[in-house]
Amino acid sequence: MRVHPRTRLWVCALLLGAAAPASAQQSVLARAMLLQPPAWIEHGEQRSALRPGAAIFPGDRIETGAGGRVHVELEDSSTIKLGEKAGFELPALKVVDDGSETGLLQGSLKLLRGAFRYTTGALSGLRKRDLAVYVGPAVTAGIRGTDIFVKSDDSQDLLCLLEGQVEVSSPGQDPQTMDQPNTFYVVPRGQPPRPIAPTPPAKLATWLPATEPAKGEAALEAGGRVRLVLVSVGSEEQASGEAQRLQALGYPAEVLAGEARAGTRYRVVLGGFTSKPEAQRYARTLQQRLGIRGAWAMPPE
């Protein structure tokens, strides 16, 4: 089937144009580089399925569902890795002039529930940072160059220092400095914080994989050019309805229109795979989760 670019762009714009943030002219300092659906982004009052490569702006909220993962890369190449059933906000993020050549990345990260890991990359040292991390209602931390794991649930708020140094505090308590790797600070719900203590290796073995891509499952990545065709129908209305249903479930589906021997066909696709085998592997995931059968990978255009 030959896809007409003009038709394809029109249909995609019809379905997805509302998802483009009004702040598109802002500098992009955070971007979703990898995800395993379901995942959503809330920008103002608008909620939509998160897409690989999507810009994340100050004030945006990201949520993941069961089995969901999202990796957000910041402008300095540091990464926020969200686990499943997580709620995360980016209250503020900007580069300020601090007199240095590269400036200072300043902002705040807020975990509402679930878990995330913040890690610095090979290029992260090129820019200084001053980030405040809020973990649930009970833990606040200031970080400038570090590796941490944080978690918030109904029973507690927790921060584990993997590398570097942070200053932690909770309401009514004096700040404390954490500078020993593999130590953790926990505030049980409704109780004062526990003393900073070494993290049991068994805990680390459980916590850290929770924010990595689920084993055996393909991921959608920024720059991935392979699409998985989920549905191919002759009705634009039917295709649009199915794409919108999947988007509401946290899967960033699109509609591509093109001409075939039988007339115009509308394909509901999921894009962002790095290879056809990865896309076909995810077809099995969709069959198990959503009952979608017969999905097939189309080559990149």
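These values consider heavy atoms only, across backbone and side chains, with no hydrogens, waters or symmetry-generated copies.
Put simply, M33 and I62 are part of two different groups of oily side chains (I, L, V, M, F, W, Y) that touch within less than 4.5 Å, one to the next. Linking Ile, Leu, Val, Met, Phe, Trp and Tyr residues whenever their side-chain heavy atoms come within less than 4.5 Å leaves V135 and F184 in two separate clusters. M178 and Y134 end up in different hydrophobic clusters when Ile, Leu, Val, Met, Phe, Trp and Tyr side chains are linked at under 4.5 Å. The hydrophobic clustering, which links ILVMFWY residues whose side-chain heavy atoms are closer than 4.5 Å, places L208 and I143 apart.
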Candidate pair V133 and F116, rule side chain to side chain contact (heavy atoms under 4.5 Å, CB included), full reasoning:
CA-CA 11 Å; V133 177; F116 82 68; 3.9 Å; yes
Run the side chain to side chain contact (heavy atoms under 4.5 Å, CB included) check on V150 and I148 step by step: do they pass?
CA-CA 7 Å; V150 299; I148 61 173; 4.0 Å; yes
Applying side chain to side chain contact (heavy atoms under 4.5 Å, CB included), run through V95 and L104 and close with a yes or a no.
CA-CA 5 Å; V95 176; L104 175 73; over 6 Å; no
The test is side chain to side chain contact (heavy atoms under 4.5 Å, CB included); show your working for F57 and L90 and say whether it passes.
CA-CA 7 Å; F57 293 99; L90 184 67; over 6 Å; no
Give the C-alpha distance, both sets of side-chain angles, the deciding distance and a yes or no for salt bridge (Lys or Arg N to Asp or Glu O under 4.0 Å) between K81 and E212.
CA-CA 7 Å; K81 301 179 178 182; E212 297 298 326; 2.9 Å; yes
Check the pair R47 / E42 against salt bridge (Lys or Arg N to Asp or Glu O under 4.0 Å), numbers first and verdict last.
CA-CA 4 Å; R47 177 182 171 92; E42 292 185 7; 2.9 Å; yes
Go through E259 and T264 one step at a time and tell me if the side chain to side chain donor-acceptor pair (under 3.5 Å) criterion holds.
CA-CA 4 Å; E259 295 300 320; T264 303; 2.6 Å; yes
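When side chains are defined from C-beta on, E73 does not count as touching L34, because their heavy atoms never get closer than 4.5 Å. The closest side-chain heavy-atom distance from T79 to L74 is not below 4.5 Å. At least one side-chain heavy atom of L286 sits under 4.5 Å from a side-chain heavy atom of L230. Looking at heavy atoms from C-beta onward, S108 lies out of side-chain contact with E89 at the 4.5 angstrom threshold. When side chains are defined from C-beta on, R117 counts as touching L162, because their heavy atoms get closer than 4.5 Å. Side chains of L228 and V269 form no contact here, defined as non-hydrogen atoms less than 4.5 Å apart. Looking at heavy atoms from C-beta onward, S48 lies out of side-chain contact with W40 at the 4.5 angstrom threshold. At a threshold of 4.5 Å between non-hydrogen side-chain atoms, the residues V226 and T274 do not count as touching.
A side-chain donor-acceptor contact under 3.5 Å links D98 and S100. The closest side-chain donor-acceptor pair between S78 and Y118 falls under 3.5 angstrom.
Under the side-chain contact (heavy atoms from CB on, under 4.5 Å) criterion, Q176 pairs with V168, Y185, I196, sequence neighbours left out. For P252, the side-chain contact (heavy atoms from CB on, under 4.5 Å) criterion is met by P37, A49, R51, P52, L220, L270, not counting sequence neighbours.
Listed here is the closest heavy atom pair of T64 and E84: OG1-C, 3.3 Å. Minimum interatomic distance between G136 and S152 (heavy atoms only, all atoms of both residues): CA-OG, 3.5 Å. In terms of heavy atoms, R289 sits closest to P38 at NH1-CD, 3.7 Å. In terms of heavy-atom proximity, T146 sits nearest to G164 at OG1-CA, 3.5 Å. Smallest separation of non-hydrogen atoms from Y266 and S235: CD1-C, 3.7 Å. Of all non-hydrogen atoms in P175 and S169, the two that sit nearest each other are CA-CB, 3.9 Å.
The backbone N or O of S232 sits less than 3.5 Å from a side-chain atom of R265, completing a donor-acceptor pair. Distance alone, capped at 3.5 Å, is enough to place a donor-acceptor pair between the H71 side chain and the T211 backbone. The closest donor-acceptor contact from the side chain of E254 to the backbone of V268 lies at 3.5 Å or more, if one exists at all. With hydrogens and angles ignored, the 3.5 Å screen pairs a side-chain donor or acceptor of R281 with a backbone N or O of G216. Side-chain atoms of R225 do not come within 3.5 Å of backbone N or O of P300 as any donor-acceptor pair. Between the side chain of T183 and the backbone N or O of P198 there is no donor-acceptor pair closer than 3.5 Å. Distance alone, capped at 3.5 Å, is enough to place a donor-acceptor pair between the Q280 side chain and the A297 backbone.
From R129, atom CZ reaches atom CG of L93 across 11.0 Å, with rounding to the nearest 0.5 Å. Distance check: D153 CG to K85 NZ gives 12.0 Å after rounding to the nearest 0.5 Å.
Annotation: Y282, atom OH; neighbour count of heavy atoms from other residues, nucleotides and ligands within 6.0 Å is above 12. The environment of CD in Q191 is crowded: more than 12 heavy-atom neighbours from other residues, nucleotides or ligands sit within 6.0 Å. Summarising the local packing, CD of E217 is surrounded by more than 12 heavy atoms from other residues, nucleotides or ligands at distances under 6.0 Å.
Considering R113, R189, K151 in turn, R189 is the only one that fulfils the side chain to side chain donor-acceptor pair (under 3.5 Å) rule with D157.
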